[in-house]
Amino acid sequence: MLTEDIKPIVKTMNSVEDTAALASELSKILEKGDILLFTGEIGTGKTTFIQALAKNLGVKELVTSPTFVIHMLRDSGRVPISHVDLYRLNDDDEVESIGFEEYYDTAVTVIEWADRYSGFRPPYIELHFEYGTGENERVVSILPNGGEWEKRLNSIL
């Protein structure tokens with residue numbers, strides 16, 4: 001999914017608080033119709049980031065990864081969040097059968113394990129999480145793909 005001609009913004013986080021702070025910054029520019037694709041190994045901070053993002057958007061509901069239900073809509077914040085987890089799905093046909101695309105225009109859509117689907121179309125941003133060198137260190141690479149994402153991200157990061 002990475003675009004060759006655009007360089008990712010790379011941020012290092014040393015704690016859950018650092019993760020929450022980065023999510024807070026990103027939440028400032030989010031609006032209905034935005035799509036955020038999350039990738040990375042288990043335990044690298046994807047769900048923690050999404051929880052902080054939701055909190056900063058004013059979501060009142062408990063935010064957990066929808067691994068078993070696959071999709072959850074949380075609509076108590078300033079914009080609804082459509083939270084999708086593709087971990088248990090095996091191919092593009094299974095992903096397309098759940099119908100989360102119907103929320104694209106009315107919510108911020110966050111998708112964990114986004115690398116399990118090849119049908120995403122720009123504009124979106126990718127957030128790839130990795131373990132860092134320290135025990136609690138995580139590294140996120142944020143890559144804009146299409147639309148005004150590059151300009152919007154540069155305004156906050």
- Item | Side-chain donor-acceptor contact under 3.5 Å, Thr39 with His128 | yes

- Task: List the atom of Ala20, the atom of Ala52, and the distance in Å for their closest heavy-atom pair.
- Result: CA-CB, 3.6 Å

What pairs of donor and acceptor atoms, side-chain ones from residues 95-109 against any protein atom, are under 3.5 angstrom apart with sequence neighbours left out?
residue, atom, partner, partner atom, Å
Glu96, OE2, Tyr117, OH, 3.0
Ser97, OG, Glu94, O, 2.6
Thr106, OG1, Tyr103, O, 3.4

- Please round to the nearest 0.5 Å and tell me the distance separating atom OH of Tyr131 and atom CG of Asn136. 11.5 Å

- Message: Please determine whether a side-chain nitrogen of the Lys or Arg among Asp34 and Arg152 lies less than 4.0 Å from a carboxylate oxygen of the Asp or Glu.
- Response: yes

- Does some side-chain heavy atom of Phe38 sit less than 4.5 Å from a side-chain heavy atom of Trp113? no

- Item | Pairwise distance CD1(Ile70) to CG(Asp85) - rounded to 0.5 angstrom | 8.0 Å

- Item | Leu86 side, atom CG; His71 side, atom NE2 - distance, nearest 0.5 Å | 10.5 Å

- Query: Do Ile142 and Phe120 belong to the same hydrophobic cluster, where Ile, Leu, Val, Met, Phe, Trp and Tyr are linked whenever their side-chain heavy atoms lie under 4.5 Å apart, directly or via other members?
  - Reply: no

- Query: Between the main-chain N or O of Leu22 and the side-chain N or O of Lys11, is there a donor-acceptor pair closer than 3.5 Å?
  - Reply: no

- OG-CG distance between Ser118 and Asp92, expressed to the nearest 0.5 angstrom: 3.5 Å

- Roughly how far, to the nearest 0.5 Å, is the CG atom of Asn154 from the CH2 atom of Trp149? 12.5 Å

- Item | Step-by-step side chain to side chain contact (heavy atoms under 4.5 Å, CB included) determination, Tyr87 to Glu112 | CA-CA 7 Å; Tyr87 184 75; Glu112 294 188 62; over 6 Å; no

- Message: Side chains of Glu61 and Ser76 only: does a donor on one sit below 3.5 Å from an acceptor on the other?
- Response: yes

- Query: Does Arg116 use its side chain to pair, donor to acceptor, with the backbone of Arg88 at less than 3.5 Å?
  - Reply: no

- Note on the structure: The remaining residues in the hydrophobic cluster of Val139, counting side-chain heavy-atom contacts under 4.5 Å among Ile, Leu, Val, Met, Phe, Trp and Tyr, are Val10

- Task: Please check if Val110 and Phe129 belong to a single hydrophobic cluster, counting links between Ile, Leu, Val, Met, Phe, Trp and Tyr side chain heavy atoms closer than 4.5 Å.
- Result: yes

- Item | NZ on Lys7 to CD on Glu150, rounded to 0.5 Å | 11.5 Å

- Message: I'd like to check Ile81 versus Leu73 (side-chain heavy atoms, cut-off strictly below 4.5 Å). Are they in contact?
- Response: no

- Derivation and outcome, side chain to side chain contact (heavy atoms under 4.5 Å, CB included), residues Ile111 and Leu36: CA-CA 6 Å; Ile111 302 168; Leu36 289 72; over 6 Å; no

Enumerate, atom names and distances included, each donor-acceptor pair closer than 3.5 Å involving a side-chain atom of residues 26-33, sequence neighbours excluded.
residue, atom, partner, partner atom, Å
Ser27, OG, Ser24, O, 2.7
Lys28, NZ, Glu25, OE2, 2.8

- Message: I'd like to know if the side chain of Lys46 and the backbone of Glu41 have a donor-acceptor N/O pair within less than 3.5 Å.
- Response: yes

- Closest approach of Pro144 to Ile125 (non-hydrogen atoms, all atoms of both residues): CA-CG2, 3.8 Å

